[in-house]
Trainee: 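Right, I'll just put the structure down here and ask away after.
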Amino acid sequence: RALLWEAGGGGRAAGGDIRLGSAPRLALEPLGGKREALEALGGKREALEALGGKREALEALGGKREALEALGGKREARACARLRAAVRVPTVSREGPGAADEVALLRFGRLLREEFPAVFESELVTHDLVANFSHLLTVRGADGGRTPYMLTAHLDVVPAPDYGWDVPPFSGEIHQGYIYGRGTIDDKHSLMAILEALELLLQRGFVPQRTFYIGIGHDEEIGGDKGARNIAKVLESRGVKLDFLLDEGMVILDGVVPGLQIPVAVVGVSEKGSLMLRLRVRTETGHSSMPAKESCIGILSAAITRLESNPLPQQFGSGPERALFEYLSPQFNFPMRVVTSNLWLFGPIFSWVLGQKPTTNALIRTTTAVTEFHAGVKPNVVAPLAEATVNYRIHPAQSVSEVLRLTEEIIADDRVELEVLSSMEPLPISPFDESATGYWTISKSITDTFPDIVSAPGLCIANTDTRHYQKLTSALYRFTPVWNKLEDIPRYHGVNERISLQNYKQTIHFYFNLMQNADQEEPLIKHFHTEDL
Ligand SMILES: CCCCCCCC/C=C\CCCCCCCC(=O)N[C@@H](CCCCN)C(=O)O
Ligand SMILES: [Zn+2]
Ligand SMILES: [Zn+2]
């Protein structure tokens with residue numbers, strides 16, 4: 001591992017040229033080098049503040065061994081510095097006009113070119129700028145006869161108001177062994193790790209056998225209609241067909257699946273659909289001293305209460321969530337092992353159990369989330385209009401039209417107007433049988449990187465850019481190796497988004513393994529030795 005990370009020239013680290021001052025020597029030693037420690041910790045002043053003494057440094061990084069492991073080499077420290085630099089560029093996507101921060105998007109493009117010279121200057125790599133801010137890299141393989149594959153990620157992030165964060169969301173600060181900031185798990189970690197892995201391989205003289213593409217969209221968080229959609233169009237116009245495509249989506253779950261004692265890497269083989277519905281009630285306005293019996297606010301509130309108290313029917317067994325539990329069955333503790341290996345009998349009770357928690361409930365039904373509510377103009381004016389937004393995430397066993405029909409039935413009030421803001425059918429189930437080379441290449445790369453966990457196919461409960469690539473392949477997979485305990489799930493689009501230094505290193509290793517495994521003719525056989533890392 002040390003050999004690999006120390007080899008080659010490496011790119012310029014993002015922290016810039018930092019002079020060493022009186023940073024305590026003892027504090028720097030466990031971090032593997034002065035410059036790297038300072039870069040990893042964001043500069044001289046931050047380093048001094050953060051390190052203030054050996055004990056504090058070790059505490060901040062969770063202990064000496066962990067500190068050494070997490071930041072034990074120059075390359076790792078530089079990789080962390082580069083991810084932190086990526087976080088500091090606020091590539092925020094917002095809904096509506098002026099959705100993109102074009103200055104930040106351009107800055108991010110420059111950062112990629114500067115930080116990954118081996119990638120951007122390689123003769124094997126062609127770079128296309130797509131829709132001004134998205135990127136398509138073609139890494140030319142030696143064997144033109146083999147079907148290419150594709151890795152995708154996105155460089156935009158959702159907004160992050162400062163409120164509630166332990167550190168500012170665009171600071172990229174390191175705190176107790178974690179890099180904090182918007183994008184550290186959605187999805188700059190994956191984009192940067194893919195490029196780190198490729199940079200490293202190219203520096204070591206790697207020539208891939210099979211061509212592969214790296215697609216980096218700039219507007220995934222608002223639908224990907226400019227970025228991923230146009231990247232896909234470029235490839236379609238070139239007549240490209242893909243063996244498989246891997247995007248973000250599902251993750252490693254540790255202690256999230258009830259009754260499962262080991263962590264599981266869930267590879268999303270399908271993706272829920274989505275329906276954004278605007279509910280609207282109009283009533284006569286006027287002086288609040290003479291109100292009608294019902295207000296638009298009351299009518300709309302009652303409709304929303306009916307929607308929330310009548311969840312759409314559970315669909316357990318008719319989507320890929322069943323495969324997840326069947327695959328995992330041998331790993332469950334008793335009595336869950338009995339339950340999951342006899343789903344024909346225990347299906348109904350098991351689905352009831354899954355329905356009790358938001359994370360597992362999302363697997364078994366179309367979910368109903370009331371996300372916005374606006375009404376009223378002034379305290380003493382009867383409100384003329386009340387509006388709410390409902391976001392359904394549609395289970396693969398249902399369709400947009402069925403969800404609309406059920407909504408009308410549940411609301412059962414003609415005064416509530418429904419307007420479809422956007423909709424998307426669930427995505428087909430990608431192959432994961434024995435002959436699904438893409439699925440098994442991903443699975444093997446997970447095992448190579450994390451020998452002690454299991455992987456299994458599952459349903460991706462959020463949406464990704466994969467739908468734009470459907471014409472290129474039917475083998476669409478959704479996974480990045482972010483390690484999540486139950487308490488980490490709300491960090492997605494929430495506060496204190498973060499990745500541990502160790503987990504970021506593993507993420508790079510995962511793509512490093514994947515790029516080599518994808519070249520193998522028979523991906524089920526282990527050809528590579530991760531100990532070489
Ligand atoms: C027994 C298994 C339990 C499953 C628990 C699931 C836990 C899921 C954990 C993490 C989810 C990570 C999701 C990361 C991908 C996020 C992608 C995303 O945010 N997409 C947006 C796209 C918006 C497009 C514009 N409308 C979204 O879905 O909102
Ligand atoms: Zn994302
Ligand atoms: Zn997201």
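Owing to the predicted nature of the structure, the values given are computational and were not obtained by experimental measurement. Remember, it's 1-based here, ligands and their atoms both numbered in the order they're listed. Heavy-atom basis, side chains included; hydrogens, waters and symmetry copies ignored.
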Trainee: Below 3.5 angstrom, do we get any N/O pair linking Arg467 and ligand 1?
Mentor: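 No, no N or O pair falls under 3.5 Å.
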Trainee: For atom 11 (C) of ligand 1, find the nearest protein heavy atom and state the residue, atom name and distance (0.1 Å precision).
Mentor: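 Answer, as residue, atom name and distance: Gly249 O, 4.1 Å.
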Trainee: Which residue holds the protein heavy atom closest to atom 10 (C) of ligand 1, what is that atom called, and what is the gap in Å?
Mentor: Tyr492 CE1, 3.7 Å
Trainee: Record the part of Asp186 in heavy-atom contact with ligand 1 below 4.0 Å; permitted values are side chain, backbone, both and neither.
Mentor: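 The answer is the side chain of Asp186.
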Trainee: Looking at ligand 1, does any of its N/O atoms fall within less than 3.5 Å of an N/O of Thr359?
Mentor: no
Trainee: Which atom, counting only N, O or S, brings Glu221 closest to the Zn ion (ligand 3)?
Mentor: OE2
Trainee: For ligand 1, is His493 a contact, meaning one of its heavy atoms is under 4.0 Å away?
Mentor: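 The answer is yes: ligand 1 sits under 4.0 Å from a heavy atom of His493.
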Trainee: Between Glu248 and Ser190, do the side chains contain an N or O donor and an N or O acceptor separated by less than 3.5 Å?
Mentor: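 Judged by distance alone, the side chains do not pair up.
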Trainee: Heavy atoms only, cut-off 4.0 Å: how does Arg393 contact ligand 1, side chain, backbone, both, or neither?
Mentor: side chain
Trainee: May I ask you to say whether Arg478 pairs ionically with Asp247, meaning some side-chain N is under 4.0 Å from a carboxylate O?
Mentor: no
Trainee: With a cut-off of 2.8 Å, does any N, O or S atom of Asp186 fall short of it relative to the Zn ion (ligand 2)?
Mentor: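 True for Asp186.
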Trainee: So is there a nitrogen or oxygen of Thr360 less than 3.5 Å from a nitrogen or oxygen in ligand 1?
Mentor: no
Trainee: Only one of Leu198, Asp243, Leu514, Thr138 passes side-chain contact (heavy atoms from CB on, under 4.5 Å) with Phe212; say which it is.
Mentor: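 The passing option is Leu198.
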Trainee: Are any of the N/O atoms in Glu220 less than 3.5 Å from those in ligand 1?
Mentor: yes
Trainee: Quick check: Tyr213 with Tyr469 (ring centres under 6.0 Å apart)?
Mentor: no
Trainee: Does any N, O or S atom of Glu248, backbone or side chain, fall under 2.8 Å from the Zn ion (ligand 2)?
Mentor: yes
Trainee: Under 3.5 Å, is there a donor-acceptor pair linking the side chains of Thr152 and Asp465?
Mentor: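 No donor-acceptor contact under 3.5 Å links the two side chains.
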Trainee: With heavy atoms under 4.0 Å as the rule, classify the contact between Val158 and ligand 1 as side chain, backbone, both or neither.
Mentor: neither
Trainee: For ligand 1, which atoms, with element, lie under 4.0 Å from some heavy atom of Val251?
Mentor: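 Every atom of ligand 1 under 4.0 Å from some heavy atom of Val251: 9 (C), 10 (C).
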Trainee: Is Glu221 touching ligand 1 with its side chain, its backbone, both, or neither, if touching means heavy atoms under 4.0 Å apart?
Mentor: both
Trainee: Find, among atoms of His154 that are N, O or S, the one nearest to the Zn ion (ligand 2), and state its name.
Mentor: NE2
Trainee: Does the protein put a heavy atom under 4.0 Å from atom 20 (N) of ligand 1?
Mentor: yes
